[in-house]
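To start, the structure under review is shown below, and the notes come after it.
Naming: A, B, ... by sequence-line order, numbering from 1 per chain. Keep in mind that what you see is a predicted model, and the values were worked out from it rather than measured.
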Amino acid sequence: MTSVQHSSSQRFTFRKDERLCSDKIIAGLFQSGIFVSKYPFRLNAMRLPQGTPGPRLQILMTAPKRTFKRAVDRNRVKRLMREVYRVQKHRLYEELEKLDMHLAAALIFTGREILSHAEMEKAFAKILERCLAALPEWKERSA
RNA sequence: GAGGCAGUCUGUUCUAUCGACUGGCGAAAGCCAGUAGGAAAGUCCGGGCAACACAGGGCACCGUGCUUCCUAACGGGAAGGGGUGCAAAGCGCAAGCAAUGCACUACAGAAAGUGUCGCAGAAACUAAACCGCCUCUUCUGAGGUAAGGGUGAAAAAGCGGGGUAAGAGCCCACUCGUGCAGCAGUGAUGCUGCAUUGGGAUAAACCUCACGGGUUGAAAGACCAAAUAAACCCAGGCCAAAAGCGGCCCGCUUCGUGACUUCGGUCCGUCUGGGAGGGUAGGUCGAUGGAGCACAAGUGUGAAUUUGUGCCUAGAUGAAUGAUAGAAACUCAAUGCGUUGAGUACAGAACCCGGCUUAUAGGACUGCCUUUUUU
RNA sequence: GGGCUGUUAGCUCAGUUGGUUUAGAGCACUAUCUUGACAAGGUAGGGGUCGAUGGUUCGAAUCCAUUACAGCCCA
């Protein structure tokens, strides 16, 4: 019926501490220049120092006001992005655990139109592959 | 019955799985409850709240503009008055007046002053003589005239009669306007009487009058934690001049009884403003129980308001209120009458309220208009 | 959250304050002259609901109100 599979080890939560809230980190994030891009997404990233408390990855989702004029549309896009991330995030967590990295990230929607949930899922899987491939390189650069 | 327009109200529901935020319970795992709108929007207005400023007066600036009322307040609303447009019983010889109905109305002052009124036209503002009309005449002009023509958005009340050389409020009746008085009304204003020839428009042009307005907005502001630098540079004030009263003036208020001196100033202290540089950029409060909502009764034409009873109804902060699947309801299209397909508006709180304006699929109700059928 | 500005020809802008005259300039476009042909240049011409709706006025791109769409600023 649904694509979501129940598992005792993995839960598809998205709590407050997984979200990126710090003003300071966000400012640094967009200056770092580290990103991967795959239409209709763009993912900016910045490595956090070792031993940062909380989860391995803090992330924020956003949709630009320039392409989505109405607040309803921006909310819709951000909510879809959150749901898609929530389901697929465990692959990233595993990889980060292996490399012993902490990461801050911003997921930006660069498309022009709102996609359906199924299209979003496919598109996010693609950018996730690119991101995983780039992780070791990011570790070298920031070290 | 069908279609259109305007107004008011309403504006999808249920189940499963995976989540988010707030509150409660719990040692924890977790469980339970709640979680977007009528416009949350535009930011066009008005308040609450907060900080700073503040003897008082005048000018300037900005806003509002029929009256009375409602309201915490308003540029909002209610009721009323006037005006304009359309229809119009009726009255009048006519000009015209006009009960009543519907719609609209930013509606103070143009006899305080200034500006503007192109083209056309003879003449456009304390007016004028082109054609015309009349009188005189040396036949070319002089004078009278504001009926008629023509121009214009607008030509200095209208119409009928008298009067006259021709004409003219020159005189009279009626109508309109203005002024004064009386009456009615809280008032805008209306009615009646008397007087009066009574010489334009524009104030959404300047302006005048009346009333109102201190400035800045929750990125206001308060507290806690962390960090830190009472340092440095420049300008100015400190007993008679400057600063302040966030535009200006009057006026008012405030601040070294320091040291040295060649009396020009210098130094010290202190205050104010600016520069450069450094640190932090986390949390709590503000902040969700309020001009609150629902119902009933009373008062009022109404907007509203009083009393009683009941209810608690989002509170995020890089920002929750969601995603997926299935079913139902409604609408539309195709129908093989079994169904199949598509669609379900406008739109997302950011301190909170009261209005205004704008957007809105479908449904319900009310009013008006058009058309068809029947009686 | 709070505030400010703009919208005129296909493009870039004047004109708006202070109303009536013809809405104008440059580039572009069309025709034509010149050239063997093109460019440049000369001559002539076309092209505007002045963002929209309503109001004030005799008359509105201009004044007033509402509205739509752009752009900018404030820690």
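Atom P of nucleotide B:A347 and atom CZ of A:Arg70 are separated by 5 Å, given to the nearest angstrom.
With a cut-off of 3.5 Å on both pairing distances, B:U373 has no Watson-Crick or G-U wobble partner at all. Pairing for C:A39 is absent, judged as Watson-Crick or G-U wobble with the two contacts each under 3.5 Å. Of all nucleotides present, none satisfies the Watson-Crick or G-U wobble test against B:U301 with each distance under 3.5 Å.
The same atom, P, is picked in B:C69 and in B:U307; the two are 23 Å apart, to the nearest Å. B:U35 and B:G315 have their C1' atoms separated by 9 Å, given to the nearest Å. For the C1' atoms, the distance linking B:G308 with B:U105 amounts to 44 Å, nearest Å. As rounded to the nearest Å, B:U262 and B:C250 have C1' atoms that lie 44 Å from one another. Taking atom C1' on both nucleotides, B:A329 is separated from B:C14 by 11 Å, rounded to a whole Å. Of the C1' atoms belonging to B:G214 and B:G282, the separation is 37 Å, rounded to the nearest Å. Across the C1' atoms, B:A291 and B:U67 are found 28 Å apart, a figure rounded to whole Å. Atom name P, nucleotides B:C93 and B:A184: the rounded distance is 37 Å, in whole Å.
Salt-bridge check for A:Arg91 with A:Glu94: failed, with every basic side-chain N at 4.0 Å or more from each acidic carboxylate O. By the 4.0 Å N-to-carboxylate-O rule, A:Glu83 lies close enough to A:Arg86 to be salt-bridged with it. Salt-bridge check for A:Asp100 with A:Arg56: passed, with a basic side-chain N closer than 4.0 Å to an acidic carboxylate O. Remark: A:Glu18 engages A:Lys89 in a salt bridge, criterion side-chain N to carboxylate O under 4.0 Å.
Nucleotides of RNA chain C with any atom under 4.0 Å from a heavy atom of chain A span, from 5' to 3', C:A70 to C:G71.
For A:Arg86 and B:C18, a side-chain-to-base donor-acceptor distance below 3.5 Å is present, hydrogens and geometry of angles not being considered.
Ring geometry for A:Phe68 against A:Phe109 counts as tilted: the plane angle lies between 30° and 60°, on a 0 to 90° scale.
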